[in-house]
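Both counts, for ligands and for their atoms, begin at 1 and track the order of listing.
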Amino acid sequence: MDYFLTEQQKTIKDLARRIAVERVLPVRAGLDEKEEFPWDIVHDLAAADMFRVFIPEAYDGLGGGCLDLCLVTEELSRVCSGVAVTYAASALGSMTLMEYGTEEQKKRYLPDIASGKKLAAFAITEPTAGSDAANIKTTADKVDGGYLLNGTKQFITNGGEAEIYTVIALTDRTKGARGASALILEKGMDGFTFGKKEKKLGIRTSATRELVFKDCFVPEENLLGRPGTGFIQAMRLFDKSRPGIGAQAVGLAQGALEAAVDYAEQRVQFDQQIINMPVVQHMLADMAIQVEAARALVYAAARFVDSGAKAVTESSAMAKVFASDAAMKVTLDAVQICGGSGYMRDYPVEKMMRDAKILQIYEGTNQILRSAIAVNLRKRKARTA
Ligand SMILES: Cc1cc2nc3c(=O)[nH]c(=O)nc-3n(C[C@H](O)[C@H](O)[C@H](O)COP(=O)(O)OP(=O)(O)OC[C@H]3O[C@@H](n4cnc5c(N)ncnc54)[C@H](O)[C@@H]3O)c2cc1C
């Protein structure tokens, strides 16, 4: 299908695909096996200006929007979803800065993220605050000249590897989520350390770590936006970033579909290629339909975000839920089509199936997002009644 991308978007997509095929493909199995952070690939992406894609031109970026970011993420995820999330998490860690940062803050941090010299990360989740993100306990008490941060963030992508962190913490613990604020932290600040690196089912090349704050002093000038707006900033961020998770899902599902077609063409049973068997053909056709429907919804949701529309919560959630469910189903079917070989690490589909699961969990589980969509349906009905 033609999605009428601009010439610049086609160029970005082609370049991301080339890096994925030439640089990621040869090392993806090893990175997964060793659970090794993909620094060499991060450097390749930086050299190809891929981190500039999502940063405004005024701060050394290319000024791309949500769709541009989705195109790069999709192409990387077609080969390795762990690499794709490492890249996309740097965008996640920069987005609130781009939207709420002062000129001085943007000048200080964004050019280094654009050049790929520094990775970024975003941290809201805590041991007691996952789906119930409003229940965060990390505190940022006001002291002379800044804030004193105490608490632990859990499951943070790029944790330990990133240099720049957007952290949501309570600056007024009496007000709950309304007392939350966003702060910029830098690796190396006194009192800011990293806890254990998680050992994961999938996306194993990506780093997922705890962030630990013990009387960590954060200067006043590192506050993002007004005090008390941190939770709202986080929710608006996810509205804009969820099409990116959808794009990760589309790329992953596309890669699994292609691997399944390749296998079905070369595998002979009962004296014929299994791709000639109607049952296999129908499975492949259903997989292709899921991938294309997911892509269409993700691109539409990304374009809606790029239009500047405010009410993007529902469309972004729909894109994330539909595409991640599609990726789970498509990768499971890809393993099925590859039979016993599909279950072996010599073939890529078992990794793809493992990588798919997280897409239904992070940035809002699919149950939570379905509930949010349903609430909107009722609100809309009430408005039109
Ligand atoms: C690999 C990985 C990377 C991550 N990266 C980041 C990151 O970079 N930054 C960050 O801040 N966070 C990150 N997260 C955290 C992620 O967003 C949370 O794990 C996710 O929001 C779910 O929270 P939880 O794990 O606490 O699950 P819980 O909230 O404990 O949910 C457990 C189960 O209960 C269900 N459930 C809970 N409440 C409801 C409800 N009201 N209605 C219906 N069902 C419900 C959930 O859907 C789920 O099935 C990451 C997580 C992982 C695993």
Side-chain angles (χ1 to χ4, degrees), residues 32 35 37-38 73 77 80-97 119-138 151-170 177 180 182-185 187 194-213 224 230-231 233-242 244-245 248-249 252 316-317 320-321 324-325 327-328 351 354-375:
D32 179 67
E35 307 190 23
F37 192 76
T73 306
S77 193
C80 179
S81 220
V83 166
V85 71
T86 299
Y87 168 79
S90 206
L92 189 73
S94 325
M95 279 172 168
T96 38
L97 189 49
L119 289 177
F122 181 83
I124 186 165
T125 305
E126 298 182 6
T128 57
S131 299
D132 186 8
N135 192 36
I136 57 166
K137 305 283 183 228
T138 296
T152 301
K153 293 289 172 185
Q154 181 178 254
F155 301 157
I156 306 307
T157 304
N158 285 351
E161 311 296 338
E163 299 282 336
I164 300 161
Y165 296 80
T166 304
V167 176
I168 308 297
L170 296 175
L183 295 154
I184 311 165
L185 270 84
K187 187 177 177 175
F194 301 102
K196 73 169 166 144
K197 184 181 174 196
E198 304 292 345
K199 293 182 82 67
K200 307 192 291 290
L201 171 73
I203 55 163
R204 287 163 53 169
T205 187
S206 72
T208 313
R209 278 201 183 80
E210 276 178 345
L211 315 184
V212 183
F213 312 110
L224 262 180
F231 189 70
Q233 288 186 37
M235 294 306 111
R236 291 204 179 135
L237 164 69
F238 291 138
D239 282 350
K240 292 185 175 175
S241 64
R242 282 186 186 124
I245 305 292
Q248 209 188 321
L252 178 57
S316 292
K320 190 269 189 188
V321 169
S324 59
D325 283 354
M328 195 67 251
K351 171 184 179 310
R354 289 188 283 108
D355 287 352
K357 187 60 211 167
I358 189 59
L359 302 171
Q360 297 177 307
I361 296 173
Y362 58 24
E363 287 203 26
T365 67
N366 285 6
Q367 295 103 304
I368 291 288
L369 295 182
R370 281 191 165 88
S371 297
I373 292 164
V375 166

Inset, instruction - Check whether any side-chain N or O of Arg354 sits under 3.5 Å from a backbone N or O of Leu201 as a donor-acceptor pair, and report yes or no. - result: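 Yes, Arg354 side chain to Leu201 backbone: donor-acceptor pair under 3.5 Å.
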Inset, instruction - Verify, without hydrogens or angle tests, whether Glu161 (side chain) and Phe37 (backbone) share a donor-acceptor contact under 3.5 angstrom. - result: no
Inset, instruction - Decide whether Gln248 and Ser77 meet the rule of one side-chain donor and one side-chain acceptor closer than 3.5 Å. - result: no
Inset, instruction - Answer yes if the side chains of Thr208 and Lys200 hold a donor-acceptor pair under 3.5 Å, and no otherwise. - result: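 The answer is yes; a qualifying pair exists.
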Distances for all N or O pairs of ligand 1 and the protein under 3.5 Å?
residue, atom, partner, partner atom, Å
ligand 1, 5 (N), Phe155, O, 2.8
ligand 1, 5 (N), Thr157, OG1, 2.8
ligand 1, 8 (O), Thr157, N, 3.0
ligand 1, 8 (O), Thr157, OG1, 3.3
ligand 1, 9 (N), Phe122, O, 2.9
ligand 1, 11 (O), Ile124, N, 2.9
ligand 1, 11 (O), Thr125, N, 3.0
ligand 1, 11 (O), Thr125, OG1, 3.1
ligand 1, 12 (N), Thr125, OG1, 2.7
ligand 1, 14 (N), Phe155, O, 3.3
ligand 1, 23 (O), Ser131, N, 3.4
ligand 1, 29 (O), Ser131, N, 2.9
ligand 1, 29 (O), Ser131, OG, 2.6
ligand 1, 47 (O), Thr365, OG1, 2.7
ligand 1, 47 (O), Gln367, OE1, 3.1
ligand 1, 47 (O), Gln367, NE2, 3.3
ligand 1, 49 (O), Gln367, NE2, 2.8

Legend entry - Lys153, NZ atom: more than 12 neighbouring heavy atoms under 6.0 Å: yes
Legend entry - Check: Asn158 and Tyr165 side chains under 4.5 Å, non-hydrogen atoms: no
